[in-house]
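Scroll down for the structure; my scribbles are underneath it.
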Amino acid sequence: MKQTEYHNPVLLKETVDGLAIKSDGVYVDVTFGGGGHSKEILDRLGEGGRLYAFDQDQDALDNNIEDDRFVLINENFRFVKRFLRFQGIRKVDGILGDFGVSSHQFDVAERGFSTRFEADLDMRMNQNKELSAYNVVNEYDESDLRTVFLQYGELRNAPKLARTIVGARKENPIKTSVELKEVLKPFLPKHREHKILAQIYQAIRIEVNQEIEVLKEFLLQTTELLNSGGRISLISYHSLEDRLVKRFIRNGMFEGEPEKDLYGNVSVPFKKVGGLIIPTEDEIKENNRARSAKLRIAEKI
């Protein structure tokens, strides 16, 4: 399988540039996917360098790279510190993350990530996990569904969406994307159908894969893993992720503000490197899924 068929790496040069690769450094790509970013890192590493990559999706293992400097770990990156320790690694020089759903996951209809196809409600990034989109839609109570749509889809009509789903599933289980779309038809005006459906799918997908909890757990581990001067180079695709990354880089916390010392100084783990980076119009033309990407880079103090 060619890497470009699996997933076109977004902001490839900019993201890897952000790591300021040292030829003998140790690096981690926590979202391996098609291996595009990993290959670019390996191209810049010398013989003494090492790269460890993570991906929980079994399909990604088909893209494994034959290179003595490279190890691919089939695990969720929320466990990054634990599985690096299994490899004898306690400190690294850089961590790259390209969050969200890969092009491959969107394009394989039966995975259930895309609004374009009829498919069973699934959306599991790790297909060995029990919780799927079917469980969320058919088994969550109304208040939990409302919370999912409100928090993760930022949908103002979350109460109505939840109530409608709960009412419909009393008659028959909602098994496929087409059935879900039919149930929610009253809330999908033609001119905004795609946008609203995308928000609904995003909300369910984030819940299924615990994406916000995973991101928080991962970010907290970066401060322990990185050597002083080591870098994180992170791409987010929706505002919920980007806000977390931005706040964490700014003050090492997700809520509130860090405490000041007697002189009014705060102790934070990172310093920002450059400003927000977004794809060029040319890249978006070549790869439409890059359109919402936001890259943030920071250095461990």
Side-chain angles (χ1 to χ4, degrees), residues 1-23 25-46 49-57 59-78 80 83-84 87 89 92-107 125 211 214-215 218-219 221-222 225-226 230-237 241-242 245 273-274 276-280 282-284 286-299:
M1 186 184 289
K2 291 177 186 173
Q3 164 258 316
T4 48
E5 290 175 350
Y6 188 97
H7 181 72
N8 247 341
V10 174
L11 291 166
L12 177 61
K13 183 177 182 299
E14 296 88 342
T15 309
V16 180
D17 282 351
L19 293 174
I21 301 282
K22 299 187 294 187
S23 67
V26 178
Y27 295 89
V28 189
D29 176 356
V30 296
T31 48
F32 178 70
H37 288 113
S38 281
K39 286 171 188 169
E40 183 68 19
I41 292 170
L42 287 167
D43 283 348
R44 303 188 194 192
L45 280 177
R50 291 287 179 271
L51 173 63
Y52 297 87
F54 284 72
D55 206 299
Q56 64 182 330
D57 192 334
D59 289 355
L61 301 185
D62 293 338
N63 303 311
N64 199 2
I65 301 167
E66 292 297 324
D67 191 310
D68 292 341
R69 303 166 298 166
F70 178 75
V71 176
L72 177 56
I73 299 164
N74 185 205
E75 279 293 342
N76 190 313
F77 61 81
R78 77 192 307 170
V80 60
F83 282 92
L84 286 176
Q87 299 288 331
I89 301 298
V92 302
D93 299 297
I95 303 172
L96 182 150
D98 178 7
F99 307 122
V101 184
S102 74
S103 300
H104 170 77
Q105 289 166 330
F106 270 126
D107 289 340
M125 290 181 181
E211 291 175 41
V214 167
L215 180 58
F218 159 71
L219 288 171
Q221 291 172 75
T222 62
L225 279 170
L226 282 169
R231 289 187 174 190
I232 48 174
S233 190
L234 308 174
I235 304 174
S236 306
Y237 291 87
E241 284 176 342
D242 186 54
V245 171
V273 175
L276 177 68
I277 299 171
I278 59 173
T280 63
D282 287 344
E283 179 170 0
I284 293 168
E286 285 180 26
N287 180 10
N288 187 46
R289 291 188 183 129
R291 69 191 182 278
S292 55
K294 292 179 177 178
L295 169 62
R296 297 183 188 275
I297 300 159
E299 187 173 293

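Keep in mind it's a predicted model, so treat the numbers as computed, not measured. Hydrogens, waters and symmetry mates play no part in the numbers below; they use all other heavy atoms, side chains included.
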Hey, what do you get for [atom1] ([X]) to [atom2] ([Y]), rounding to the nearest 0.5 Å?
X	Y	atom1	atom2	value
I73	D29	CD1	CG	11.0 Å
D57	D55	CG	CG	5.5 Å
E283	I278	CD	CD1	10.5 Å
L234	I232	CG	CD1	4.5 Å
I41	Y52	CD1	OH	13.5 Å
I21	R231	CD1	CZ	10.5 Å

[X] to [Y] - nearest heavy-atom pair and separation:
X	Y	answer
T15	V10	OG1-O, 3.8 Å
D59	N63	O-ND2, 4.2 Å
G34	K39	O-NZ, 4.1 Å
S292	Y237	OG-O, 3.4 Å
T222	I95	CG2-CD1, 3.9 Å
I297	S233	CG1-OG, 3.8 Å

Taking the side chain as every heavy atom from C-beta outward, state whether [X] and [Y] have any pair of such atoms under 4.5 Å apart.
X	Y	value
K294	E241	no
N64	D62	no
I284	R291	yes
L51	V28	no
L96	Y27	no
D17	R44	yes
I235	H37	yes
L72	L61	yes

_Please enumerate all residues that pass ring-ring contact (aromatic ring centres under 6.0 Å, His included) together with F77, with sequence neighbours excluded._
F99, F218
_Over 12 non-hydrogen atoms of neighbours within 6.0 angstrom of CG in L12_ = yes
*D43, CG: over 12 other non-hydrogen atoms inside 6.0 angstrom*: yes
_Residues that R50 engages under salt bridge (Lys or Arg N to Asp or Glu O under 4.0 Å), provided they are two or more places apart_ = none
_Qualifying residues under side-chain hydrogen bond (donor to acceptor under 3.5 Å, both in side chains), relative to K22, sequence neighbours excluded_ = D93
Looking only at atom types and distance, does a side-chain atom of [X] sit under 3.5 Å from a main-chain N or O of [Y], one as donor and one as acceptor?
X	Y	answer
Q221	R78	yes
S23	G46	no
Q56	M125	no

_Apply side-chain contact (heavy atoms from CB on, under 4.5 Å) to residues L84 and F54 and explain how you reach the verdict._
CA-CA 10 Å; L84 286 176; F54 284 72; 4.1 Å; yes
